[in-house]
Amino acid sequence: MVLEAHHVELIGYCAAFLTTIAFVPQALQSWCTRDLSGISLGMYSLFTAGVGLWLVYGLIIEKWPLILANALTFALALSILFLKLSNISKLK
């Protein structure tokens, strides 16, 4: 299958939108309820680091779908991670 460059870019933007918007409900629920008991610190730490690296990769190769999606996802994941860490420190 041969696709034109703008079709490939459109697929990238659609994928970026869907995978990024999927984090919004979790972030909103976490901030509203402050209940992060079901969130694994290890998993979210690794995930956030991975998204950060995807962002760096996108910046290096200058691909806007990667940059935009991972910048927003990184911010959402980092906010949840900070909430989780603040809840852990309050328990000690």
Side-chain angles (χ1 to χ4, degrees):
M1 175 192 309
V2 177
L3 296 174
E4 293 184 30
H6 68 278
H7 289 127
V8 173
E9 197 82 3
L10 182 60
I11 291 168
Y13 277 107
C14 289
F17 174 78
L18 292 172
T19 57
T20 300
I21 202 73
F23 275 87
V24 172
Q26 182 66 61
L28 289 174
Q29 181 179 350
S30 296
W31 278 99
C32 290
T33 66
R34 303 281 196 224
D35 178 16
L36 295 139
S37 59
I39 293 186
S40 163
L41 177 60
M43 177 272 182
Y44 246 81
S45 297
L46 291 172
F47 177 78
T48 304
V51 171
L53 290 174
W54 273 114
L55 174 57
V56 170
Y57 175 69
L59 290 166
I60 291 168
I61 66 170
E62 300 177 355
K63 293 296 181 185
W64 281 104
L66 283 173
I67 295 167
L68 296 174
N70 287 297
L72 183 54
T73 303
F74 184 70
L76 292 170
L78 197 59
S79 72
I80 294 168
L81 184 59
F82 281 142
L83 261 177
K84 180 70 172 178
L85 290 170
S86 86
N87 282 352
I88 288 173
S89 66
K90 289 177 187 176
L91 296 175
K92 292 182 180 182

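Values below: every heavy atom of this structure, side chains too, minus hydrogens, waters and symmetry copies.
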*Asks:* If you look at every heavy atom in I39 and S30, which pair is closest and at what distance?
*Replies:*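 Looking at all heavy atoms of both residues, the closest pair is CD1-OG, 3.9 Å.
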*Asks:* Can you get from L46 to L53 by hopping between Ile, Leu, Val, Met, Phe, Trp and Tyr side chains that sit under 4.5 Å apart?
*Replies:*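 Result: no, two separate clusters.
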*Asks:* Measure the CG-CG distance between L55 and L68 for me, rounded to the nearest 0.5 Å.
*Replies:*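 If we round to the nearest 0.5 Å, L55:CG and L68:CG are 9.5 Å apart.
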*Asks:* State plainly whether one hydrophobic cluster holds both L85 and F74, where clusters connect Ile, Leu, Val, Met, Phe, Trp and Tyr through side-chain heavy atoms under 4.5 angstrom apart.
*Replies:* yes
*Asks:* Spell out, yes or no, whether F23 and L36 are grouped together once hydrophobic residues are joined by side-chain heavy atoms under 4.5 Å, including indirect joins.
*Replies:*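 Hydrophobic grouping puts F23 with L36.
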*Asks:* Which atom names give the shortest non-hydrogen contact between S45 and L81, and what distance separates them?
*Replies:* OG-CD1, 3.6 Å
*Asks:* Can you tell me how far CG of N70 sits from NZ of K63, rounded to the nearest 0.5 angstrom?
*Replies:*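 Those atoms lie 14.5 Å apart.
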*Asks:* Could you tell me which non-hydrogen atom of Q29 sits nearest to which non-hydrogen atom of T33, and how far apart they are?
*Replies:* O-OG1, 2.7 Å
*Asks:* Which value, rounded to the nearest 0.5 Å, describes the distance between K84 atom NZ and S79 atom OG?
*Replies:*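 One finds 14.0 Å between NZ of K84 and OG of S79.
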*Asks:* Hey, could you give me the CG/CD distance between L10 and E4, rounded to the nearest 0.5 Å?
*Replies:* 12.0 Å
*Asks:* What closest approach, in Å, do P65 and A16 show between heavy atoms, and which atom pair accounts for it?
*Replies:*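 Shortest heavy-atom separation between P65 and A16 comes out as O-CB, 3.6 Å.
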*Asks:* Any chance OH of Y57 has more than 12 other-residue heavy atoms, nucleotides or ligands included, within less than 6.0 Å?
*Replies:* no
*Asks:* Could you see if L28 belongs to whatever hydrophobic cluster contains L72? Use Ile, Leu, Val, Met, Phe, Trp, Tyr and a side-chain cutoff under 4.5 Å.
*Replies:*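 Both belong to a single hydrophobic cluster.
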*Asks:* Are any of the side-chain heavy atoms of F47 and T73 separated by less than 4.5 Å?
*Replies:* yes
*Asks:* At what distance, to the nearest 0.5 angstrom, does CD1 of I67 lie from CH2 of W54?
*Replies:*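 I67 atom CD1 to W54 atom CH2 measures 13.0 Å (nearest 0.5 Å).
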*Asks:* Grouping I, L, V, M, F, W and Y whenever their side-chain heavy atoms are under 4.5 Å apart, do L78 and L83 come out in a common cluster?
*Replies:*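 As far as the 4.5 Å side-chain criterion goes, L83 and L78 are connected within one cluster.
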*Asks:* What's the shortest heavy-atom distance between A27 and L76, and which atoms?
*Replies:*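 Heavy atoms of A27 and L76 come nearest at CB-CD2, 3.8 Å.
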